[in-house]
Number of protein chains: 2
Amino acid sequence: MGGEGQSETREAIMEATYRALCDHGYASLTMQNIADEFGKSKGLLHYHFDSKEELLVAFIDYLLAGFEDDIASIEGPPDERLAAFIERFVVANGDERRALHLALLELRAQAPFNDRFRDQLARSDAIVRAAVADMVDEGITTGVFRADTDPDALARVVLAAMDGARMRGLTIGDDTYPAAVRDALITYVLDDLLVGAAE
Amino acid sequence: MGGEGQSETREAIMEATYRALCDHGYASLTMQNIADEFGKSKGLLHYHFDSKEELLVAFIDYLLAGFEDDIASIEGPPDERLAAFIERFVVANGDERRALHLALLELRAQAPFNDRFRDQLARSDAIVRAAVADMVDEGITTGVFRADTDPDALARVVLAAMDGARMRGLTIGDDTYPAAVRDALITYVLDDLLVGAAE
DNA sequence: TAGGATTGACTGGCTAGCCAATCAAGATGG
DNA sequence: CCATCTTGATTGGCTAGCCAGTCAATCCTA
């Protein structure tokens, strides 16, 4: 088989893992689930990935890369980019997206017990946080945001607040949480940041 | 054994569950772990609780009641109470507290799949959120906070931000996260809320 | 001695990983 | 041009381990 087969197969396994995760959640995810979605045998998964952990590490990488690309693709002036970033936490494209974030939450909860999971999340956190801080930075440079704003500090609150809102919304089954926090965040944080807001 | 024995035994089992959770985390928690901490046999646990789930539901109740009591015990003027509440997310009393929150995060991640877990978390969220909103409310009444503040909206951001900061700190192994978000929250939110801050 | 408390062995189900056998397809060579 | 060999892909069954839950027997204690 040609050189393409290798990566095509891995891509297919990643997609199968995605579907299996959405259907079963992380805790109930078995190699058999993934194999069923893959349409091939469980043994074959072990042929391509030494262990379940290897497969999952690869999957996290696959998933986080997607998120990072999505964020990097946001365009426009800094204040609009920031708003669009926040909005990413609110839009819930139906059940699939919800199921994914549910599984991802379980997976993140395992990170403290798994160095490789944790390192990937930490790496991704640094990238996303820097991206948000850059938006703020650029806003200060272009004169949209007040000059006495600390980009990293602001990036942290925004991230923590929206991520926390998503988590709380998911765990208590209240899907209004992210939107409510977004509104409050805009009212009590972002609006005060704009140049022209009273100091 | 007298009527006391029943609840004393249950209390002992709750404490054993607490220790077992801290030691093993939620995902690796077995009835045997709990029994070992309990100092009695696994069969006895099933004598007192029909199933592992029953036991865990009771434990969540036990734990959340503790949190709620702790928050209710905060005293002083509203702005100080709010600051003290936020500080609760920052202070990490050594490894035990960290291990507890680690396990609790895993447990919360299971709530979407377990109605009884979810309902308890939702109930607790309502109580805690109301408590925070009350602080803001009282601050408005006593003239410490600006009158155009929405108590519930503010409670949600504060909760989401600090809870999110804890989660992100735990999952990526960065224990500076909660303190950083607290500082940013105070700078960009609370300070602007005080009467006397420019509007 | 009666009844609750407690034990420890046992079962049944589930899962990751392993392995030997099979298959498909291309390379080799006479 | 066919037979053989090689190699990677794929299967399905097997195993060992783990865990929740059960149960009959035993131990207290009032």
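It should be emphasised that the depicted structure is a prediction, and the values quoted were computed from it without experimental measurement. Naming convention: chains lettered A, B, ... in sequence-line order (proteins, then strands); numbering from 1 in each chain.
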Any residue meeting side chain to side chain donor-acceptor pair (under 3.5 Å) with Ser41(A), in chain and number order, not counting sequence neighbours: none

Qualifying side-chain hydrogen bond (donor to acceptor under 3.5 Å, both in side chains) pairs with a residue from residues 29-39 of chain B, counting only residues at least two apart or across chains: Arg19(B)-Glu37(B), Thr30(B)-Asn33(B), Gln32(B)-Asp36(B)

Ring pair (Phe, Tyr, Trp, His ring centres under 6.0 Å) contacts in which one or both residues fall within residues 18-41 of chain B, not counting sequence neighbours: none

All pairs passing ring pair (Phe, Tyr, Trp, His ring centres under 6.0 Å) where residues 67-87 of chain A contributes a residue, at least two apart: Phe85(A)-Phe89(A)

Please report the distance, rounded to the nearest Å, between [atom1] in [X] and [atom2] in [N].
{"X": "Leu44(A)", "N": "dA24(C)", "atom1": "CG", "atom2": "C1'", "answer": "14 Å"}
{"X": "Phe49(B)", "N": "dA20(D)", "atom1": "CZ", "atom2": "C1'", "answer": "16 Å"}
{"X": "Asp36(A)", "N": "dT10(D)", "atom1": "CG", "atom2": "P", "answer": "16 Å"}
{"X": "Lys40(A)", "N": "dA9(D)", "atom1": "NZ", "atom2": "P", "answer": "11 Å"}

Other ILVMFWY residues reachable from Leu105(B) by side-chain steps of under 4.5 Å: Leu105(A), Met167(A), Met167(B)

ILVMFWY cluster membership beyond Ile127(A) - transitive side-chain contacts under 4.5 angstrom: none

Side-chain donor or acceptor of Arg81(A) paired with backbone N/O of Gly76(A) under 3.5 Å: yes

Protein-nucleotides 20-22 of chain C N/O pairs closer than 3.5 Å?
none

Under 4.0 angstrom between Tyr47(A) side-chain N/O and dT10(D) OP1 or OP2: no

Under 4.0 angstrom between His48(A) side-chain N/O and dT10(D) OP1 or OP2: yes

Give every pair of a protein N or O atom and an N or O atom of nucleotides 15-19 of chain C that lie under 3.5 Å apart, one pair per line with the distance.
residue : atom : partner  : partner atom : Å
dA16(C) : OP1  : Lys52(A) : NZ           : 3.0
dA16(C) : OP2  : Met31(A) : N            : 3.2
dG17(C) : OP2  : His46(A) : NE2          : 3.2
dG17(C) : OP2  : Lys52(A) : N            : 2.9
dG17(C) : N7   : Lys42(A) : NZ           : 3.1
dG17(C) : O6   : Lys42(A) : NZ           : 2.6

Residues which pass salt bridge (Lys or Arg N to Asp or Glu O under 4.0 Å) with Asp125(A), listed by chain and number, not counting sequence neighbours: Arg129(A), Arg168(B)

